[in-house]
Amino acid sequence: MPFDQFVYADLKPYGEHQQLRLVFVTHEVSVRGDSLERIETIMQRKQLSLLKTLPSHQWSLIEQGQPFVTEIVIAEKKDLSNRAEKGQE
């Protein structure tokens with residue numbers, strides 16, 4: 001996603017982990033994992049060059065406090081609007 005379309009980031013707890021929403025003009029990216037505040041900061045500075053998920057069999061290799069991503073979901077804004085409209089019916 002291009003940095004010039006980045007609007008904001010929102011970090012919240014998600015069960016035992018965290019969820020980071022990266023909101024762009026046309027898309028929303030949902031990132032789940034641990035220690036995502038570091039990723040949020042780098043994204044807000046527009047310095048993030050790559051974001052990938054880490055396979056579950058490698059989770060134990062990450063030191064506590066280091067960021068790692070377990071899931072990334074990208075949705076177009078129009079898809080999000082359609083879901084909201086269907087929920088109101």
Side-chain angles (χ1 to χ4, degrees):
M1 311 297 325
F3 282 125
D4 65 345
Q5 292 187 11
F6 178 66
V7 180
Y8 69 93
D10 180 35
L11 182 64
K12 294 184 179 178
Y14 184 81
E16 294 180 14
H17 303 285
Q18 295 174 319
Q19 179 170 332
L20 175 62
R21 282 180 51 222
L22 302 173
V23 179
F24 293 83
V25 174
T26 59
H27 291 76
E28 185 173 304
V29 180
S30 175
V31 179
R32 293 185 183 150
D34 282 331
S35 300
L36 299 180
E37 51 278 323
R38 294 173 76 180
I39 294 172
E40 176 187 27
T41 300
I42 292 170
M43 185 63 199
Q44 290 174 340
R45 292 179 183 166
K46 299 182 180 181
Q47 296 175 334
L48 185 66
S49 59
L50 176 67
L51 190 62
K52 291 178 56 170
T53 59
L54 184 67
S56 59
H57 67 275
Q58 294 181 349
W59 293 359
S60 63
L61 302 174
I62 303 300
E63 292 183 34
Q64 188 173 11
Q66 292 297 312
F68 73 92
V69 176
T70 59
E71 180 181 22
I72 300 172
V73 177
I74 302 171
E76 279 189 79
K77 292 271 184 122
K78 65 180 180 180
D79 292 344
L80 297 172
S81 297
N82 289 342
R83 278 192 235 153
E85 287 173 9
K86 288 178 183 177
Q88 293 176 358
E89 294 176 357

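Everything numeric here is computed off the predicted structure, so don't read it as measured data.
- For E63, the CD atom is loosely surrounded, since the number of other residues' heavy atoms within 6.0 Å does not exceed 12.
- Hydrophobic cluster membership for V23: V7, Y8, V25 (Ile, Leu, Val, Met, Phe, Trp, Tyr linked by side-chain heavy atoms under 4.5 Å, directly or transitively).
- Here CG of L22 is found 9.0 Å from CD1 of I39. Values are rounded to the nearest 0.5 Å.
- In this structure, K52 and V69 approach most closely via the heavy-atom pair O-CB, 3.4 Å.
- Side-chain atoms of E28 do not come within 3.5 Å of backbone N or O of K77 as any donor-acceptor pair.
- The distance from the CZ atom of R21 to the NZ atom of K12 is 6.5 Å, given to the nearest 0.5 Å.
- Side-chain atoms of S30 and Q19, non-hydrogen and from C-beta on, do get closer than 4.5 Å to each other.
- Remark: E71 engages R32 in a salt bridge (Lys or Arg N to Asp or Glu O under 4.0 Å) (not counting sequence neighbours).
- For P67 against S35, the heavy-atom pair with the smallest separation is CB-O, 3.2 Å.
- The aromatic rings of H17 and F68 sit perpendicular, their planes meeting at an angle over 60°, well past the 30° parallel limit.
- The minimum heavy-atom distance linking L51 with V31 is given by the pair CD2-CG2, 3.8 Å.
- Under the 4.5 Å side-chain heavy-atom criterion for ILVMFWY residues, a single connected hydrophobic cluster contains both I42 and I72.
- Closest of all the heavy-atom pairs between L20 and A9 is CD1-CB, 4.1 Å.
- Across all their heavy atoms, Q44 and F6 have their closest contact at CA-CE2, 4.2 Å.
- To the nearest 0.5 angstrom, Q58 atom CD is 9.5 Å from T53 atom OG1.
- By the neighbour-count criterion of 12 heavy atoms within 6.0 Å, atom OH of Y14 is sparsely surrounded, having that number or fewer from other residues, nucleotides or ligands.
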Kindly indicate, with the supporting measurements, whether the criterion side-chain contact (heavy atoms from CB on, under 4.5 Å) is fulfilled by D34 and I62.
-> CA-CA 10 Å; D34 282 331; I62 303 300; over 6 Å; no

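- For the atom pair OG1 of T70 and CG of L36, the computed distance is 8.0 Å after rounding to the nearest 0.5 Å.
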